[in-house]
Amino acid sequence: MGPIRGINIGGVFLIEPFIRPSLFDQFNTSTVAELPVDEWTFSATLGKEEAKRQLEDHWDTFVTREHLEAMAEYGINWIRIPIGYWAFNLTAEEPFVDGQIPYVERLLGWAQEIGLKVELDLHGAPGSQNGYDNSGHRTSPQWLYTRINVDRTLDALRQMTELAIEWSDVVYGIQILNEPSRWKWPVSQILEFYNEAYDLMRSMTNDVYFMVHDTFLGPNDWGTLVSANWTDALMDTHIYQMFDNYIITLNETAHIDMVATMAENVTRFDKTSIGVVVGEFSAATHDCTRYINGFGRGSRWDGTLEGVDHPLCPLSNCSCTGDYGGNYTQFSSSYRGFLQRYVDAQLSIYDKELAGWFYWNFRTEGAPEWDYLLGVEQGWFPKFPRTAVPMIADKGESDEPDESVVDRVSRAPPAARGSCGTALALAVAALAAALTT
Ligand SMILES: *[C@@H]1O[C@H](CO)[C@@H](O)[C@H](O)[C@H]1NC(C)=O
Ligand SMILES: *[C@@H]1O[C@H](CO)[C@@H](O)[C@H](O)[C@H]1NC(C)=O
Ligand SMILES: *[C@@H]1O[C@H](CO)[C@@H](O)[C@H](O)[C@H]1NC(C)=O
Ligand SMILES: *[C@@H]1O[C@H](CO)[C@@H](O)[C@H](O)[C@H]1NC(C)=O
Ligand SMILES: *[C@@H]1O[C@H](CO)[C@@H](O)[C@H](O)[C@H]1NC(C)=O
Ligand SMILES: *[C@@H]1O[C@H](CO)[C@@H](O)[C@H](O)[C@H]1NC(C)=O
Ligand SMILES: *[C@@H]1O[C@H](CO)[C@@H](O)[C@H](O)[C@H]1NC(C)=O
């Protein structure tokens, strides 16, 4: 099996203001404080009936079969589907609405027919595991404070595992939780939850990857987040270069150099017990994108983010316009060239030296550096040879049922890897040639 070349189907079953701002631009209240900022307040403001009507329309239309077909044609072989717990385990007191699963299964059906593998990703846990809007609820995180939250998280995972078993030729991995906060809970407590989830999942099936997030710990400390008895496990790490007051001030050359620096210890990490995927990355090196720091929040780049007292960017004029204005028709050719080199630099490591990658996100409304389909169309995201896409039949047909999937990842066919490396090398060479002429 070659590297995972994946795309996140984010902002569908768990809405995020920056991915689909139009859902959040309909509200008109007397005070800004009352405006919805996440799916929780979106549903609370509209009420369950209207929220369900609007969300059903969104689930039905924001991701289509054509999107998946295009991805497969461009050489993508996996998708990662973020889902909130409330699709599985909702109480009447919570404002969220459910009803997502038929749409998730429609997506699984398309993936099955098209030949894409799926990672189901629990992206929001009861009480919120990190307090970000991308957990469904921008709030002070409460997740591990009560046993009932943990039980409900496990109940959602049990139902996700049932889906995986039912769709065993499509669902190859379950990420048990996205970005739980190590700033809120000790890593040992998060590992305890990981182990409970592992025991539950493995009591149901051995046939899916058990995927965990690194809780934002550096690779040198990942050993404290892994148990020796896990099999077919993958560590998910997210690598971004714009949510940091120092990194955002780097110039283009320094951002590209930073790709190697940030991945250095990841590639050095001993992957014998657990493989590594970069489950999220993007082409962005600024935070001008509307709502990228949360609904109603400003940007480090132009100094409008709360807590930042001056603009933070590598230029003398830190303006969220032009190349940084979110309208790709206004991008300069030099910025387009940078996006391509920055994406290639990331892929040259994640694709060749790790178990693979998932770009965030498959599409957006007006966030070009986060939009895979736009990136391919506009030429700053490469296509991969279709021949490199592993076929569905490559799983479960082995004569050696005990062989670890992780072993297979680390022993990827040299030809498949070589051809991709060559394609990238050629793309990089072609770009370098184009830029020097
Ligand atoms: C919002 O509501 C106020 C008061 O009802 C009204 O004057 C204003 O035009 C509305 N704005 C929008 C954008 O609908
Ligand atoms: C949610 O999970 C809890 C804990 O396992 C369980 O008691 C409850 O019945 C579940 N609710 C739903 C709607 O499945
Ligand atoms: C694996 O090890 C962890 C930590 O030692 C333990 O909590 C868990 O129950 C074990 N699981 C299995 C299936 O042995
Ligand atoms: C980019 O920044 C580095 C140091 O951070 C500096 O050495 C280099 O000259 C800068 N390049 C440009 C083109 O400004
Ligand atoms: C990588 O690991 C070394 C120690 O092994 C450490 O000094 C360095 O800060 C780490 N780099 C990053 C980017 O975390
Ligand atoms: C600042 O830069 C933007 C483009 O990045 C440009 O549109 C704007 O006119 C510049 N402003 C000044 C005062 O130079
Ligand atoms: C993007 O820029 C183009 C060209 O300047 C303009 O025609 C178009 O309306 C802009 N799109 C948006 C969404 O602002």
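Each ligand, and each atom within it, is numbered from 1 in the order the structure gives. Remember, it's a predicted structure, so these values are computed and weren't measured experimentally.
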(message) For Tyr335 and Tyr324: C-alpha separation, side-chain torsions, deciding distance, then whether ring pair (Phe, Tyr, Trp, His ring centres under 6.0 Å) applies.
(response) CA-CA 9 Å; Tyr335 185 60; Tyr324 316 108; 5.5 Å; yes

(request) Identify, for atom 9 (O) of ligand 2, the protein heavy atom at the shortest distance, and state residue, atom and that distance. (result)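 So the nearest neighbour among protein heavy atoms is Asn89 ND2, 5.0 Å.
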
(request) Determine the interplanar angle of the Trp222 and Phe269 rings, folded into 0 to 90°, and report it as parallel if under 30°, tilted if 30 to 60°, perpendicular if over 60°. (result)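 Rings of Trp222 and Phe269: perpendicular, as their planes differ by over 60°.
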
(request) Give the ring-plane orientation class for Trp78 versus Tyr172, where under 30° counts as parallel, over 60° as perpendicular and anything between as tilted. (result) perpendicular

(request) Check ligand 7 against Asn327 and write out every atom of the ligand that is under 4.0 Å from a heavy-atom position of the residue. (result) 1 (C), 2 (O), 3 (C), 8 (C), 10 (C), 11 (N), 12 (C), 14 (O)

(request) Enumerate the atoms of ligand 7 whose separation from the nearest heavy atom of Thr329 is less than 4.0 angstrom. (result) 1 (C), 2 (O), 3 (C), 4 (C)

Quick one: does [atom] have a protein heavy atom under 4.0 Å from it?
atom	result
atom 14 (O) of ligand 2	yes
atom 2 (O) of ligand 4	yes
atom 5 (O) of ligand 7	yes

(request) Could you walk me through whether His238 and Phe281 pass the ring pair (Phe, Tyr, Trp, His ring centres under 6.0 Å) test, one step at a time? (result) CA-CA 6 Å; His238 298 170; Phe281 70 105; over 10 Å; no

(message) Which option wins on minimum heavy-atom distance to atom 8 (C) of ligand 4: Leu250, Thr249, Asn251, Asp257?
(response) Asn251

(request) Evaluate whether atom CD of Glu49 has more than 12 neighbouring non-hydrogen atoms of other residues, nucleotides or ligands under 6.0 angstrom away. (result)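 No, CD of Glu49 has 12 or fewer neighbouring heavy atoms, counting only those of other groups under 6.0 Å.
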
(request) Output the list of atoms in ligand 2 that are nearer than 4.0 Å to some heavy atom of Asp151, sorted by atom number. (result)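 Atoms satisfying the 4.0 Å criterion: 4 (C), 5 (O).
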
(message) Using only atom types and a distance under 3.5 Å, with no angle test, would you say the side chain of Ser299 pairs donor to acceptor with the backbone of Trp301?
(response)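 Checked: no pair found.
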
(message) Using a 3.5 Å distance criterion without hydrogens, assess whether the side chain of Ser135 forms a donor-acceptor pair with backbone atoms of His137.
(response)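 Checking the backbone N and O of His137 against the side chain of Ser135, a donor-acceptor pair under 3.5 Å is found.
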
(message) Please classify the Asp155 to ligand 2 contact at 4.0 Å (heavy-atom distances, strictly less than): side chain, backbone, both or neither.
(response) side chain

